[in-house]
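As the structure is a prediction and not an experimental result, all values here were calculated from the model. Order of the sequence lines sets the chain letters (A, B, ...), proteins ahead of strands, with each chain counted from 1.
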Amino acid sequence: MLDIKFIADNTDWVKQSLARKGFPAEKVDELLKTYYEMNKLKTSSQALAEEKNKLSNSIKSASSEERTAIIAKSKAVGEEFKTQQENLAKLENEFNDMMLRMPNYPSEESPDGPDDSANVVRRKVGEIPHFDFQPKDHVELMEFNDWSEMERIAKVSGSRTYAIKNDLAQLELAIHMLVMDKLRFHGFTLITVPAISKEKPLYNQGYLPFAKDEIYYMPADDLYLSGTAELILNSLRADEMMTEADLPVLYAGFSPCFRREAGAAGKDTRGLVRVHQFFKTEQFVICKNDIAESEKWHQTLLQISEEVLQDLELPYQVLEVCTGDMGAPKYRQYDLEAWVPSQNCYRETHSCSNITDWQARRTNLRYRANDGKVKFCHTLNNTGIATPRALVPFIENHQQADGTVRIPVKLQPYLGGKKYIGKNAK
RNA sequence: GGAUAGAUGGCCGAGUGGUCGAAGGCGCACGAUUGGAAAUCGUGUGUACCUCCAAAGGGUACCGUGAGUUCGAAUCUCACUCUAUCCGCCA
């Protein structure tokens, strides 16, 4: 959510900025029209409330003759007040709905563009492997090494689910452990959180009202399944008043994640790339309301996830996401993509975003600054690692001619010192 | 699933129909005292919104949420949510 006063004071700038994200200028005008109407009605209804309060307060000291007249008048004022309140409530609902649909404005640094074709590659790191044998794709590798039950699990749990076993199951957990240790080293608080959420946190995060089709909903309990720990962590301290000394808050949240993938029909139907349920270790930061500070954290989060890919020895590229491909909440976004040999391209493993105070306004996430003023926090989030997707580039890039998969040095301690995994590993 | 208790400001906690935005305490800020500090004393200290904006002033709302009774509700009524404890069940 943006600050309505900021929109009112900087209308042209806001229109131009939001237009970069494809948000129409007329909607800004519409919002402001409703805002001014609403304030007018607020002023007049508050004047009625004042009159009513004065009448009520005068009753105690009034004589019994006066009393009847005052009560009658107070009732009449009360009726009018009630009518105005009802109209006001309607306007407020419209206004709030429009505010919830207003995206965050993008950074000046973010490239302009309509969709992902305009994303900019900032850098490429690591060597793309060249195999002197016929490499397998990740599904073939899993079958070869007896690492999965993809066909059987589809019968039990439906499409876009996975079951992995043996060394690959251990690898999945090992990678999470490596990432959690790294985050703990960087000062993050490890936290495991539920994947169940009430509705309000989805609005707080900025998922609703934008992407309803993506979310699993459980009507019997009026609860949703979380698509990411970000959802939970963002609302964990909702409505609290923190102090500047409490910040920054750094969370490394681990949770299962659920996505309906309703808009992805036909895409990535094979294997582990896009599944309905997966595990993610998420980086989440709550910091001061200071763009220099949150931009610094944005770089730090990016650097941490680059370190993760480097520890896993995966070639990757850093993508600066353009205005049209960014989600509504985002001010600035980087995606990390790891090389997937079988697809001959980079595929997203991490998404790193600075949300500035857009989410904190929805969540009512505030702190008292050292100068005594109450401010909205800035929030940021980034993937730590998400599995099983990350296993795809991992086993494909590190595969050997004999079908085994090499384990990078940094990961070996998490796998009992193994240098290779697979049925031919010694 | 059954039973009981509870939800008040940054925190603790009083308040059961009329200047209650709310006593008292803690915390915090400033000042006095001190060579400096602790202790002590004094003063101040909620949030959001409206009043075109800023300052000053004025006003409205907020005591878990939503309705209701009343001229008037933190206080009375109803519904709901959440929390704690006990019993049952359970990975």
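Distance noted for atom C1' between B:U19 and B:C71: 16 Å (whole Å). Across the P atoms, B:G10 and B:U45 are found 15 Å apart, a figure rounded to whole Å. Between the P atoms of B:G64 and B:U16, the separation comes to 15 Å (whole Å). Taking the P atoms as reference points, B:C52 lies 29 Å from B:A67, given to the whole Å. Atom name P, nucleotides B:U81 and B:G42: the rounded distance is 49 Å, in whole Å.
A sub-4.0 Å separation between OP1 or OP2 of B:C50 and a side-chain N or O of A:Asn39 is present. Applying the 4.0 Å criterion to OP1 and OP2 of B:A61, one finds that A:Asn53 has a side-chain N or O inside that range. Distances shown here put a side-chain N or O of A:Lys75 below 4.0 Å from the OP1 or OP2 atom of B:C71. For B:C50, one of the phosphate oxygens OP1 or OP2 lies less than 4.0 angstrom from a side-chain nitrogen or oxygen of A:Lys5. The side chain of A:Tyr35 contributes an N or O atom lying less than 4.0 Å from OP1 or OP2 of B:C50. When the side-chain nitrogen and oxygen atoms of A:Arg368 are compared with OP1 and OP2 of B:U47, one or more of them lie within a distance under 4.0 Å.
Ion pairing between A:Asp97 and A:Arg101 holds under the 4.0 Å rule for side-chain N and carboxylate O. Under the 4.0 Å criterion applied to side-chain N and carboxylate O atoms, A:Glu320 and A:Arg332 are assigned as salt-bridge partners. With salt bridges taken as basic N to acidic carboxylate O contacts below 4.0 Å, none links A:Asp268 and A:Arg160. Here A:Lys267 does not pair with A:Glu261 in a salt bridge; the nearest charged N to carboxylate O distance is not below 4.0 Å. By the 4.0 Å N-to-carboxylate-O rule, A:Lys54 lies close enough to A:Glu50 to be salt-bridged with it.
Looking at the side chain of A:Glu50, the nearest of the listed nucleotides B:U60, B:C50, B:G68 is B:U60. Looking at the side chain of A:Met241, the nearest of the listed nucleotides B:C50, B:U47, B:C82 is B:U47. Closest to the side chain of A:Val374, out of B:U47, B:G68, B:C71, is B:U47.
Helical stems of RNA chain B (runs of at least 3 Watson-Crick or G-U pairs, donor-acceptor distances under 3.5 Å) are listed by first residue: B:1-7 with B:81-87, B:10-12 with B:24-26, B:27-32 with B:40-45, B:46-51 with B:57-62, B:64-68 with B:76-80.
The side chain to side chain donor-acceptor pair (under 3.5 Å) search around A:Gln343 returns A:Arg347, not counting sequence neighbours.
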